[in-house]
Amino acid sequence: MYIYRVYMHSFSSIKLSELTGKIQQVLYDAFAAQTYWVVADITNHSFYQQKGYHYFDLVEKEERGGGIVAKVAAVAWGNGAERIREFEIVTGQQFKNDIHVLIRVSVSYHQVHGLQISLLDIDTNFTIGLLEQQKQATLAALVSRHPDFIQLVGNRYLTRNNQLKLNTVVQRLAVISSGNSAGYQDFRHTLEHNHFGYAFKVDPYFTVVQGEAQAELVQQRLIDIYSSGINYDAVVIIRGGGAQTDFLLFDTYIVGRAVAKFPIPVITGIGHQKNETIADMMAHTATKTPTKAAELIIAHNRTFEEKLVQLRQHIIIRSQQLFSRNTQSLSQLQGSVINTTKDLLAIQKEQVQEHHHTIIHTSRLMLLHQQQALMSVSGAMLVKPRMLVTRKLNEIENTVTKFRSASRLYLQKKQSDIVRYESLCHLMNPEHILKRGFALIYQNGKVVGNAAALQPGATIDIQMIDAKLTATIHNKKANHE
């Protein structure tokens with residue numbers, strides 16, 4: 001007790017709350033009402049969905065070596081959490097560890113919780129622009145390092161692959177996809193249930209198609225396809241939808257080079273609705289979804305079939321023309337034979353009359369034989385054209401039957417197109433757009449398309465799927481491209 005009292009009397013002391021209060025006051029005086037735009041990486045991220053809280057660390061790393069230069073804990077709730085949700089919708093990028101972001105933060109100090117960095121806003125254009133810069137750098141590297149099979153002509157990349165000629169009929173396919181991909185199932189279903197009854201042989205080459213680190217696996221599957229020795233008509237690379245960063249594998253240098261150089265036409269159906277990946281640019285043909293890739297192959301085969309149908313129709317018409325021309329020739333020959341026969345009969349009759357008295361019996365026998373011969377020739381001439389006419393009538397009836405069948409198939413196809421267009425119109429219904437998280441902004445009862453006419457202090461109505469909100473604009477900041 002004595003020692004304790006001596007210690008207490010030797011030094012002046014304050015309470016911890018007084019010290020933290022001083023710290024709080026100093027930080028408040030330094031940072032109150034100020035915000036800062038900060039570039040950093042996200043680590044140690046945790047999200048509590050029920051409360052809507054995000055806890056994470058902001059980290060700055062060395063440009064070379066990757067060592068940590070600065071690190072601070074941060075939090076986002078309320079409007080900050082809402083900005084994160086909007087960021088994920090616009091960019092398709094999940095707010096998670098190891099992403100590079102530009103965020104607006106405020107600094108505060110709590111006597112219990114300590115220093116707090118609060119996220120107020122996040123710049124979506126920064127993240128999208130960073131990905132685009134990486135993509136353009138990769139494209140430039142591909143063109144500069146491989147001019148023998150990748151060239152930039154105008155706005156289009158000419159590659160060895162997209163200069164290949166697709167076979168007239170595509171039936172044998174190699175498919176690169178993940179084994180549990182719904183996109184792969186959609187692709188197979190579309191091919192197997194096509195309306196024209198086309199048969200396809202599909203060989204799957206399953207692999208992981210997500211994450212930049214898996215680019216070498218995709219390249220290896222292309223090598224496996226080439227090494228198989230199978231004469232594939234095309235290689236199809238497919239993947240279902242996902243976040244934008246899920247497609248970074250298809251923007252890698254390794255995959256772009258492999259696709260551009262591949263000796264078999266490559267068709268992509270990666271499922272990226274917004275942008276075109278480097279794999280799409282290097283491939284023979286790019287489609288938006290696995291289903292679209294299957295429809296493209298079916299349509300390609302249908303084009304060949306339609307050419308065959310047109311050729312068959314041309315042959316039929318030409319044959320009819322030839323038969324018609326020969327029928328006329330036969331008719332002319334028949335008339336010539338009849339006229340010649342009549343002339344011969346007249347001459348013979350005159351000769352018979354001159355020698356009537358001397359050779360009457362012989363003449364009658366000769367006339368009888370001549371009449372029989374003429375009847376045989378005349379009968380043959382009459383029966384043969386009738387047979388030709390009957391055959392042509394049968395061919396015409398067959399042609400009419402085929403035309404009716406083709407017309408019925410054409411009408412069925414058009415009805416299918418109408419159903420598809422109705423589905424597209426249904427999907428474009430504003431009510432469905434609102435259900436996906438979008439909103440309509442009104443001012444004075446009119447829809448506002450951009451923020452040019454909106455100023456701070458103005459009142460706006462926000463129409464969401466389940467409610468209509470009225471808000472006042474407190475701040476306006478223009479987005480710069």
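Excluded from the calculations below are hydrogen atoms, water molecules and symmetry mates; all remaining heavy atoms, backbone and side chain alike, are included.
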Polar side-chain atom of [X] near backbone of [Y] as donor-acceptor pair, under 3.5 Å:
X: T35; Y: V105; value: no
X: N167; Y: A234; value: no
X: N194; Y: F196; value: yes
X: N161; Y: F262; value: yes
X: D121; Y: R104; value: no
X: D186; Y: P290; value: no
X: S144; Y: A141; value: yes
X: H189; Y: Q185; value: no
X: S405; Y: T401; value: no
X: H54; Y: S46; value: no

Problem set entry | Geometric cation-pi criterion, R239 with Y184: 6.0 Å, 45° |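 Geometry flag: not set, cation outside 6.0 Å or 45°.
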Decide if atom [atom1] of [X] counts as having more than 12 heavy atoms of other residues, nucleotides or ligands within a radius under 6.0 Å.
X: Y48; atom1: OH; answer: no
X: N231; atom1: CG; answer: no
X: Q34; atom1: CD; answer: yes
X: F206; atom1: CZ; answer: yes
X: K476; atom1: NZ; answer: yes
X: Y226; atom1: OH; answer: no

Are side-chain N/O atoms of [X] and [Y] paired as donor and acceptor at under 3.5 Å?
X: T268; Y: D280; answer: yes
X: H100; Y: D41; answer: yes
X: T159; Y: N162; answer: yes
X: D251; Y: T277; answer: no
X: N301; Y: E305; answer: no

Can you measure from [atom1] ([X]) to [atom2] ([Y]) and round to the nearest 0.5 angstrom?
X: S118; Y: W77; atom1: OG; atom2: CH2; value: 4.5 Å
X: L411; Y: S416; atom1: CG; atom2: OG; value: 11.0 Å
X: K292; Y: I297; atom1: NZ; atom2: CD1; value: 14.0 Å
X: D233; Y: L173; atom1: CG; atom2: CG; value: 6.5 Å
X: I278; Y: L142; atom1: CD1; atom2: CG; value: 6.0 Å
X: L296; Y: T287; atom1: CG; atom2: OG1; value: 6.5 Å

Does a side-chain heavy-atom distance below 4.5 Å link [X] with [Y]?
X: D461; Y: K468; answer: yes
X: I270; Y: I238; answer: no
X: L115; Y: V107; answer: yes
X: H195; Y: K413; answer: no
X: I264; Y: L222; answer: no
X: I103; Y: D123; answer: no
X: R257; Y: Q219; answer: yes
X: Q151; Y: V143; answer: no

For this session: Take M281 and E276, measure what side chain to side chain contact (heavy atoms under 4.5 Å, CB included) needs, and give me the verdict at the end.
Result: CA-CA 7 Å; M281 298 176 184; E276 188 178 27; 3.8 Å; yes
Between [Y] and [X], is there a salt bridge with N-O shorter than 4.0 Å?
X: E88; Y: R85; result: no
X: R172; Y: D203; result: yes
X: E395; Y: R391; result: no

For this session: Kindly say whether the aromatic ring centers of F47 and F56 come within a distance under 6.0 Å.
Result: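 Centroid distance F47-F56: not below 6.0 Å, so no.
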Exercise. Are Y55 and H45 an aromatic pair by the rule of ring centers under 6.0 Å?
Worked result: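 For Y55 and H45, the ring centres are not under 6.0 Å apart.
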Of all the heavy-atom pairs spanning [X] and [Y], show the shortest one and how long it is.
X: A293; Y: G269; answer: CB-CA, 4.4 Å
X: A76; Y: L119; answer: CB-CB, 3.8 Å
X: M464; Y: A439; answer: CG-CB, 4.2 Å
X: L164; Y: H284; answer: O-NE2, 2.9 Å
X: I225; Y: A174; answer: CD1-CB, 3.8 Å
X: S228; Y: Y232; answer: OG-CE1, 3.7 Å

